[in-house]
Amino acid sequence: MNESNSPDLPAIDFIRSIIREDLESGKHQSLVTRFPPEPNGHLHIGHAKSIQLNFGTAEEFKGICFMRFDDTNPLKEEEEYVEGILEDVKWMGYEWKERLTYASDYFEKLYEFAEELIKKGKAYVESQSAEEIRRTRGTLTEPGINSPYRDRRFEESLTLFRQMRAGKFDDGDHVLRAKIDMTSPNINMRDPVLYRIRKVIHQRTGKKWCIYPLYDFTHGLSDAIEGVTHSLCTLEFEDHRPLYEWILAEVTAPCIPRQIEFSRLNLHYSVLSKRKLIKLVEDGYVSGWDDPRMLTLSGLRRRGYPPSAIRLFCERIGISKSENNIEMSVLENCAREILDKSSPRLMCVLKPLKVVITNYPEDKTENFHPAKHPKKPEMGTRKVPFSREIYIEYEDFREDPPPNYFRFAPGKEVRLRYAYVIRCDKVIYDSTGRVSELHCTYDPKTRSGAKTEGRKVKGIIHWVSAKNFIQVEVRLYDRLFAKPIPGSDDPEGNFLNDINHNSIDILSECKLEPEIMTSANKEVFQFERIGYFFKDPKDSLEDAMVFNRTVTLRDTWAKLEQEQH
RNA sequence: UGGGGCGUAGCCAAGUGGUAAGGCAACGGGUUUUGAUCCCGUGAUUCGCAGGUUCGAUCCCUGCCGCCCCAGCCA
């Protein structure tokens with residue numbers, strides 16, 4: 001049990017406190033939770049918070065967690081999403097073993113519970129139209145009024161309900177309602193609908209059913225059937241808790257789970273509601289659910305986020321009941337933290353500027369053997385070829401350097417990382433006046449690792465041999481939205497107005513160290529001085545690799561320079 | 001102006017009667033052949049506001065203010 005948290009994590013949250021108490025007091029022998037997504041979309045980082053809570057606490061307290069699909073609405077749900085969701089949960093590092101369930105597994109039991117309710121006079125078949133039901137429900141400030149069918153004999157309701165099941169009626173003809181209180185200040189308690197007729201094929205039960213239970217009726221009972229002890233959900237279900245409890249109390253439930261609500265995740269510069277995510281996909285603002293700019297688990301995975309970074313993020317933000325808007329830097333920093341420790345280093349020149357080292361022999365090539373990781377010699381070394389012509393980063397050279405700039409400039413010296421110190425002798429321009437090439441001289445005494453290297457040079461830049469490199473495409477991503485809370489200053493709340501139209505920058509002339517050819521595909525690399533990059537699993541071809549930038553390195557200089565302006 | 005929640009530093013988040021943990025960000029310094037990493041240091045006389053109870057209140061009481069959710073045969 002996680003008694004004491006590690007020092008850099010928030011203290012144990014209120015839900016874990018409740019669980020711990022319930023276990024210590026003997027109220028429960030062991031913990032049972034569940035992660036209950038509806039298969040009508042892909043999982044996003046907000047779901048990761050729930051996965052981490054449900055599966056994570058089960059793990060910590062040596063309990064179990066069910067992987068349950070809440071598939072009670074055949075109109076909206078698709079089998080395709082089930083697979084994606086399972087893949088995502090697995091990727092997050094959790095396993096459900098034999099505990100993969102579907103609410104639809106319980107349709108028969110649920111039906112029996114419904115009959116029980118009818119027989120006890122706690123539910124009735126409603127024969128008004130949806131419109132009439134809506135009209136008589138009342139408003140936030142006015143009570144609703146009783147349905148004329150509310151007091152029909154339970155035998156009649158039972159017959160009708162059985163006929164509903166048998167397919168005697170059309171969609172919308174009747175509905176099953178709980179008999180609670182039409183004057184309740186809580187609208188959820190005003191005789192909520194429990195079952196509706198839907199003559200459609202269900203992705204799992206096929207044509208077996210034409211009546212389907214609604215969420216409120218299904219969820220608590222599914223929890224009870226599975227022996228869930230703590231049913232954790234988001235805040236918008238707080239108002240439903242009285243109904244959740246009512247249903248469990250009125251029926252002979254196998255056990256009484258406790259529903260506890262926590263606040264959902266919001267991240268600055270992003271949207272996380274399923275509705276909005278679908279909009280982005282369907283209207284083509286992104287290439288799909290797994291677009292690396294999407295904060296879906298599949299998008300993050302494709303972008304190069306390790307699951308451990310997402311788990312760290314979930315731990316770091318904590319669990320509470322207050323509205324929260326997490327800064328993007330928290331997520332990014334989690335990725336940096338994990339990736340810095342694990343990523344092999346490579347040099348890659350994104351925007352190449354050719355450099356000719358005039359005093360280096362034309363036909364000579366020498367190899368340097370730097371470590372793959374500066375602090376982990378056990379990761380080994382790589383072979384980096386050096387030659388007379390190399391590429392450096394265009395942005396590492398300034399004709400007219402600003403103060404405190406310690407990269408390359410005319411007449412200045414800089415160290416080529418792992419190689420030599422060079423001096424810029426001459427700048428060559430193209431016909432448009434743009435810098436196209438640099439002529440430099442190197443100092444053989446400054447060879448990396450040599451005893452004579454002595455000289456300290458402040459500026460260190462990365463480079464790639466022009467004779468020996470792999471040409472790759474690199475995709476630089478930025479946040480998908482330009483405002484911290486998309487749609488917040490629009491009266492209609494239209495988040496599409498705040499789309500960042502520069503969220504992707506594709507560079508196709510990037511020069512990468514040949515070492516890449518010896519490395520595995522599934523690794524995230526650090527391109528030194530730039531950031532972390534992951535080979536795109538979808539768009540990469542054997543001879544045309546594509547790399548996604550997972551996250552930049554922290555860039556103190558960029559910040560400094562921006563402040564100077 | 002019905003009901004349910006929430007309000008502690010820029011962003012998260014503990015604490016719930018004894019005098020404000022921690023993380024991220026920010027800032028300052030050190031190390032460094034990544035302006036990265038790493039290390040060290042700096043922040044709330046104050047807990048939405050106003051009263052009250054108390055020797056003492058972020059924590060209890062009263063009133064007020066602000067924000068979020070609910071009127072699907074969605075989940």
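All chains are named by letter (A, B, ...) in the order of the sequence lines, taking the proteins before the strands, and each is independently numbered beginning at 1.
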Problem set entry | Polar side-chain atom of A:Arg137 near backbone of A:Ile145 as donor-acceptor pair, under 3.5 Å | no

Problem set entry | Euclidean distance for P, B:rG22 against B:rA44 (whole angstrom) | 12 Å

For this session: Could you measure between the two P atoms, the one in B:rA25 and the one in B:rC65, and give it in whole Å?
Result: 39 Å

Without placing hydrogens or testing angles, list every side-chain donor-acceptor pair under 3.5 Å for residues 327-334 of chain A, not counting sequence neighbours.
residue	atom	partner	partner atom	Å
A:Asn333	OD1	A:Arg554	NH2	2.8

Exercise. Looking only at side-chain N and O atoms, does A:Lys559 come under 4.0 Å of OP1 or OP2 in B:rC27?
Worked result: yes

Problem set entry | Ring-face cation of A:Lys351 near A:Tyr394 (centre distance under 6.0 Å, axis angle within 45°) | no

For this session: Check every strand shown and say whether A:Glu126 touches a base, only sugar-phosphate, or nothing at a heavy-atom separation below 4.0 Å.
Result: nothing

Exercise. How would you list, by chain and number, every residue that makes a ring pair (Phe, Tyr, Trp, His ring centres under 6.0 Å) with A:Tyr442, sequence neighbours excluded?
Worked result: A:Tyr360, A:Tyr420

Seminar exercise, completed: Considering only heavy side-chain atoms of A:Lys456, the closest of B:rC24, B:rU33, B:rC11 is B:rU33

Exercise. Can you tell me which stems RNA chain B forms when a stem means 3 or more consecutive Watson-Crick or G-U pairs under 3.5 Å?
Worked result: B:2-7 with B:65-70, B:10-12 with B:22-24, B:26-30 with B:38-42, B:48-52 with B:60-64

Exercise. Hey, does the Lys NZ or Arg CZ of A:Arg479 hover above the aromatic six-ring of A:Tyr269, less than 6.0 Å from the centre and inside 45° of the axis?
Worked result: yes

Problem set entry | Integer angstrom distance from the C1' of B:rC39 to that of B:rC55 | 45 Å

Problem set entry | Touch class at under 4.0 angstrom, heavy-atom based, for A:Ile319 against every strand present | sugar-phosphate

Exercise. Is there a donor-acceptor contact under 3.5 Å from the side chain of A:Thr33 to the main chain of A:Asn54?
Worked result: yes

For this session: Check whether more than 12 heavy atoms from other residues, nucleotides or ligands sit under 6.0 Å from atom NZ of A:Lys199, and answer yes or no.
Result: yes

Exercise. What's the CZ-C1' distance between A:Arg336 and B:rC38, to the nearest Å?
Worked result: 16 Å

For this session: Take atom P in B:rG43 and the same atom in B:rA20, then report the distance between them in whole Å.
Result: 13 Å

Exercise. A:His202: what forms a ring pair (Phe, Tyr, Trp, His ring centres under 6.0 Å) with it, not counting sequence neighbours?
Worked result: A:Phe107, A:Tyr212

Exercise. Which part of the nucleic acid, if any, lies within contact of A:Ile326, taking any heavy atom under 4.0 Å across all strands shown: a base, the sugar-phosphate backbone alone, or nothing?
Worked result: sugar-phosphate

For this session: Scan nucleotides 68-75 of chain B nucleotide by nucleotide, 5' to 3', and note B when protein non-hydrogen atoms come under 4.0 Å of the base, S if they reach only the sugar-phosphate, - if neither.
Result: SBBBSBBB

Exercise. Hey, is the side chain of A:Arg415 pairing donor to acceptor with the base of B:rU33 inside 3.5 Å?
Worked result: yes

Exercise. Taking the same atom, C1', in B:rA13 and in B:rC24, what whole-Å distance lies between them?
Worked result: 11 Å

Problem set entry | Cation-pi check, A:Arg165 onto A:Tyr111 ring (under 6.0 Å, within 45° of axis) | yes

Exercise. On a whole-Å scale, what distance lies between the C1' atoms belonging to B:rG3 and B:rU42?
Worked result: 46 Å

For this session: Could you check whether A:Tyr405 gets within reach of a base, just the sugar-phosphate, or nothing at all, counting any heavy atom under 4.0 Å?
Result: base

Exercise. Which of the following nucleotides, B:rU34, B:rA26, B:rA13, is nearest to the side chain of A:Arg345?
Worked result: B:rU34

Problem set entry | Spacing of the P atoms in B:rG18 and B:rG56 (rounded, Å) | 15 Å

For this session: Could you tell me whether the phosphate oxygens of B:rC11, OP1 or OP2, come under 4.0 Å of any side-chain nitrogen or oxygen in A:Ser329?
Result: no

Exercise. Rounding to the closest angstrom, what is the interatomic distance between B:rA21 and B:rU46 at atom P?
Worked result: 15 Å

For this session: Using a 4.0 Å heavy-atom cut-off across all strands, classify A:Pro370 as base, sugar-phosphate, or nothing.
Result: nothing

Exercise. Ring pair (Phe, Tyr, Trp, His ring centres under 6.0 Å) with A:Phe217: which residues, sequence neighbours excluded?
Worked result: A:Tyr195

Problem set entry | Separation of atom CZ in A:Arg529 from atom P in B:rA36, rounded to whole Å | 11 Å

